[in-house]
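Each remark here refers to the structure printed beneath this line.
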Amino acid sequence: MTIHILCDFDGTITAEDNIIALMRAFAPPEWHALKDDVLAQDISIRSGVGQMFQLLPSADASAYRDYLLDRITLRPGFSTFLAEVRQQVWKFDVVSGGMDFFVHPILQDHVAPDHIYCNVADFSDETVRVDWPYACDAHCTNDCGCCKPTIARTIVDPVDRLIVIGDSVTDFEIAKRADFVYARGQLITLCEAEGIAYAPFETFDDITHHMKEVYV
Ligand code: MG
Ligand code: ZN
């Protein structure tokens, strides 16, 4: 049995959600209502996140990057977890609703770029425009932005065992298709509500220990 792990980035690999941190630091107050609407699933993730980034002037691009790279901390145990993934020859991809300008630099010593799927921030207009290279395919009507089920249909072999690691609304749709979920935060509530098999985690050591017990 081959295991394929799809792992969220913001609030999962990193201690906090970086889009929220960025907006808190740089966006005018309108971002709060957009964030609340996304979390309540009143507007789509693509619409809400796209509008939030449009609140930011492109001229300050380097300030956004510097701010996040200075303050992002990885959740404890991530490197050890990746070492176990390599040792067991589990498949591992990062699927992130975050933006390339912070996801790729943060992961550069940890995950090969061809195993990272995220959105792209374009700074060529007056305000930041988000490109969505992994938008929903014909099978998804959720307007995800970065569509994790679409990515899974592309890269996950249906015979493999799909493990999802995540924390929030961006992980809802893929968690419903997983064989097992490691969950934090709002994703725990969804797993409970939908009867999805899951284990809660705080650090990646929790996941490493659990996976070694179950799959090794
Ligand atoms: Mg997240
Ligand atoms: Zn979708």
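Counting starts at 1 for both ligands and their atoms, following the listed order.
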Problem - Apex the Zn ion (ligand 2); atoms C144 SG and C136 SG; angle rounded to 10 degrees - result: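 An angle of 110° at the metal.
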Practice task
Taking the Zn ion (ligand 2) as the vertex, measure the angle between atom SG in C147 and atom SG in C140; round to 10°.
Solution key: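 SG of C147 and SG of C140 make an angle of 110° at the Zn ion (ligand 2), to the nearest 10°.
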Problem - Side-chain ion pair, R161 and D179, N-O less than 4.0 Å - result: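 No, no charged N to carboxylate O under 4.0 Å.
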Handout entry: Short N/O/S contact of D10 with the Mg ion (ligand 1) (below 2.8 Å)
Key =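 Under 2.8 Å: D10 contacts the Mg ion (ligand 1) through an N, O or S atom.
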Practice task
Verify the distance test for D8 against the Mg ion (ligand 1): any N/O/S atom under 2.8 Å, yes or no.
Solution key: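 So D8 counts as coordinating the Mg ion (ligand 1), yes.
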Exercise for the section: Taking atom types as modelled, find out whether T80 and E84 have a side-chain donor-acceptor pair closer than 3.5 angstrom. Expected result: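 Judged by distance alone, the side chains do not pair up.
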Practice task
Evaluate the criterion ring-ring contact (aromatic ring centres under 6.0 Å, His included) for residue pair F123 and F101; output intermediate values, then yes/no.
Solution key: CA-CA 11 Å; F123 299 100; F101 74 91; 5.5 Å; yes
Handout entry: For the Mg ion (ligand 1): the N/O/S atom of D167 at shortest distance
Key =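 This turns out to be OD1.
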Practice task
On the 0 to 90° scale, with breaks at 30° and 60°, tag the F81-F204 ring pair as parallel, tilted or perpendicular.
Solution key: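 F81 vs F204 ring planes: tilted.
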Exercise for the section: Determine yes or no for a side-chain-to-main-chain donor-acceptor pair under 3.5 angstrom, with K148 supplying the side chain and V95 the backbone. Expected result: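 Pair found, side chain donor or acceptor close to backbone of V95.
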